[in-house]
Asker: 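Below is the structure I would like to discuss, written out as structure tokens.
Convention: sequence-line order gives letters A, B, ...; per-chain numbering from 1.
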Number of protein chains: 2
Amino acid sequence: MRRKSFADMSCPIARTLDIVGEWWTLLIVRDALVGARRFDDFRKSGIADNILSARLELLVREGILERRAYQDRPPRHEYLLTDKGHDLLPVIVSLGMWGLKWTDGPVRTPRFLHIRCDTEVSTAFHCQTCGEAVQPREIRVERPTAPSAAVNRVGSGQAVAAP
Amino acid sequence: MRRKSFADMSCPIARTLDIVGEWWTLLIVRDALVGARRFDDFRKSGIADNILSARLELLVREGILERRAYQDRPPRHEYLLTDKGHDLLPVIVSLGMWGLKWTDGPVRTPRFLHIRCDTEVSTAFHCQTCGEAVQPREIRVERPTAPSAAVNRVGSGQAVAAP
DNA sequence: CGCACTGACTGGCATGATGCAAGTGACTGA
DNA sequence: TCAGTCACTTGCATCATGCCAGTCAGTGCG
């Protein structure tokens, strides 16, 4: 059954997931961030050949990876992250942080280092007004503004799932 | 074909994706963050009933949502984020930020406000040593340390995909 | 009272996604 | 020459998904 597309949804979160939300896709991005370039490099994650082939094609088509020839007899290509692809770094990092905190198992995760000083960087919310870091618990999520006001549901708040 | 599980992988990113990486799951988390509570609330995203039912059950089982009765004739339940679930906020936000920058379409995204001062917060990398925000471009990703050193591949760097 | 509607699911079925594993072609090295 | 490597491609079986009807309990209206 073809999955319902999120591409035409008005929410950018959904649109991102439409592009990178398939099984294995973000693991490929992770591996590309870590330095994987060739088909054989990416294969080491355990992904099936045909799925890897399809995902690489998708990531190239979406401009997240670019395909570059590294030899011509036979023609061989490697896959490099674009700027667009590199901008998925915060997604990867936040997934890793959640997994570190809430899943069990060995901790074998990429490290993210500030190039200038070689210190490991962390990601956090920041408030420009207060000038300080903010914990997720200190954040109130406000739903998207809708042209038609959401129908009040008595006693359960104004909950509307966004298409 | 049953998907290959990422649960036993040594990478926390993979383990997170094993839990929340199915189609629709993170959109449900998004909606829960925005205030959706009931089956009907979540359904508004366009998800099929049986998939929603299965995803809610998974999120409850994984401790991301808790199921709470809101009436008993007939028995009816609503679904609320746990702390574990709320900690997926950075994942949702980073997905939204990427989508804002790199996808086209209307911008109808949740807003994330600092409770104390009602300012919209943003997420960013931070370097403790330099005491400043760091752009993704200023970050070097280092692959996970491996007990067996990666085999050098001449001319292509030391690329190893992590299981 | 009967009927229509609502909400929260459950279930049947057809189609696409996935994984396994074999195959292909070009090349290299012993 | 043969075996191995690399980068895919392909065939097939099994699961994931979506559509939509159905069920049950309750409510409200004519």
Asker: Nearest-Å distance, CD (E57(A)) to P (dT18(C))?
Answerer: 14 Å
Asker: Of E22(A) and R76(A), whose closest DNA chain C nucleotide lies nearer the 5' terminus?
Answerer: E22(A)
Asker: Would you mind checking if R3(A) and E22(A) are paired as a salt bridge, meaning a charged N to carboxylate O distance below 4.0 Å?
Answerer: yes
Asker: By nearest nucleotide on DNA chain D, pick out whichever of R2(A) and N50(A) is the more 5' one.
Answerer: N50(A)
Asker: Rounded to the Å, how far apart are D49(A) CG and dT18(C) P?
Answerer: 15 Å
Asker: Heavy-atom nearest nucleotide on DNA chain D for R55(B) versus H77(A): which residue maps closer to 5'?
Answerer: H77(A)
Asker: Whole-Å distance between dC9(C) P and F42(B) CZ?
Answerer: 11 Å
Asker: I47(B) has an atom CD1; how far is it from atom P of dC19(D), in whole Å?
Answerer: 11 Å
Asker: Under 4.0 Å between a side-chain nitrogen and a carboxylate oxygen: does that hold for R38(B) and D41(B)?
Answerer: no
Asker: Over how many whole Å does the gap from R67(A) atom CZ to dC6(D) atom C1' extend?
Answerer: 14 Å
Asker: Output yes when at least one side-chain N/O atom of W24(A) is less than 4.0 Å from OP1 or OP2 of dG19(C), else no.
Answerer: yes
Asker: In a table with atom names and distances, give each donor-acceptor pair under 3.5 Å that connects a side chain of residues 80-107 of chain A to protein atoms at least two apart or in another chain.
Answerer:
residue: T82(A); atom: OG1; partner: G63(A); partner atom: O; Å: 2.5
residue: T82(A); atom: OG1; partner: I64(A); partner atom: O; Å: 3.1
residue: T82(A); atom: OG1; partner: K84(A); partner atom: N; Å: 3.3
residue: T82(A); atom: OG1; partner: G85(A); partner atom: N; Å: 3.0
residue: D83(A); atom: OD1; partner: R137(B); partner atom: NE; Å: 3.4
residue: D83(A); atom: OD1; partner: R137(B); partner atom: NH2; Å: 2.9
residue: K84(A); atom: NZ; partner: E62(A); partner atom: O; Å: 2.8
residue: D87(A); atom: OD2; partner: K101(B); partner atom: NZ; Å: 2.7
residue: D87(A); atom: OD2; partner: W102(B); partner atom: NE1; Å: 2.9
residue: S94(A); atom: OG; partner: P90(A); partner atom: O; Å: 2.9
residue: S94(A); atom: OG; partner: V91(A); partner atom: O; Å: 2.9
residue: S94(A); atom: OG; partner: S94(B); partner atom: OG; Å: 3.2
residue: W98(A); atom: NE1; partner: K84(B); partner atom: O; Å: 2.9
residue: K101(A); atom: NZ; partner: D87(B); partner atom: OD2; Å: 2.7
residue: W102(A); atom: NE1; partner: D87(B); partner atom: OD2; Å: 2.9
residue: T103(A); atom: OG1; partner: G99(A); partner atom: O; Å: 2.6
residue: T103(A); atom: OG1; partner: R15(B); partner atom: NE; Å: 3.0

Asker: Whether S53(B) contacts dC9(C) is assessed here as follows: a side-chain N or O lying under 4.0 Å from the phosphate OP1 or OP2. Is that the case?
Answerer: no
Asker: Given atom CD of Q71(A) and atom P of dT5(D), what is their separation to the nearest angstrom?
Answerer: 16 Å
Asker: Looking at R140(B) and E142(B), is there a salt bridge between them, counting it only when a charged N and a carboxylate O are closer than 4.0 Å?
Answerer: yes
Asker: Take the protein atom CD1 of I51(B) and the nucleotide atom C1' of dT10(C), then report the distance between them rounded to whole Å.
Answerer: 12 Å
Asker: If you look at every strand shown and take non-hydrogen atoms under 4.0 Å, does R3(B) touch a base, only sugar-phosphate, or nothing?
Answerer: sugar-phosphate
